[in-house]
Amino acid sequence: MIFKTTAGETKFSKGKTPFQPSNVRMLREIGIFVLSIPAVEYIGDVIIRILAGPDLVESSISVSGIVFGIALLCLSQFFAYGVQLQSDADGLL
C-alpha cells in the first residue's frame with residue numbers, strides 16, 4: 001500500500017511522491033505493531049512463568065523486533081519531516 005501511494009495509484013495519494021501524510025501514518029503504525037509483538041511475548045512469558053513455575057518455562061527475548069520497530073518509528077519521523085519540507089516548498093511556488 002505504501003508503494004502504491006507513493007506511485008500515486010490510490011485515491012488518497014497526493015501526487016507521485018513518497019512524502020505523504022498517509023505514508024507517514026502507515027510507517028508509524030507498522031513500527032508500533034512491530035514494537036508491540038515483543039512486549040506481548042514478554043507479558044505472556046511472565047504470565048506463564050507465574051502459572052507454571054520458573055523451572056518449567058524456558059524463554060528468550062529477541063531484541064531484533066525492538067530494534068526494527070524503533071528504526072521504523074525513526075523512519076516515519078524522517079518522512080514526516082519530508083512532508084513538512086515538501087509542503088513548505090509547494091507553498092513557495
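Residues take their numbers from the sequence shown, with the count starting at 1. Keep in mind that the numbers below use all heavy atoms, side chains included, and drop hydrogens, waters and symmetry copies. These figures come from a predicted structure and were not determined experimentally.
- Side-chain contact between N23 and M26 is present, with at least one heavy-atom pair separated by less than 4.5 Å.
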Just list the side-chain donor-acceptor pairs under 3.5 Å for residues 65-82, sequence neighbours left out, or say none.
{"residue": "S76", "atom": "OG", "partner": "L73", "partner atom": "O", "Å": "2.7"}

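- The two residues Q86 and T17 make their nearest non-hydrogen contact at OE1-OG1, 3.2 Å.
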Please table the atom pairs, donor to acceptor, closer than 3.5 Å between any side-chain atom in residues 34-44 and protein atoms at least two apart or in another chain.
{"residue": "S36", "atom": "OG", "partner": "F33", "partner atom": "O", "Å": "2.7"}

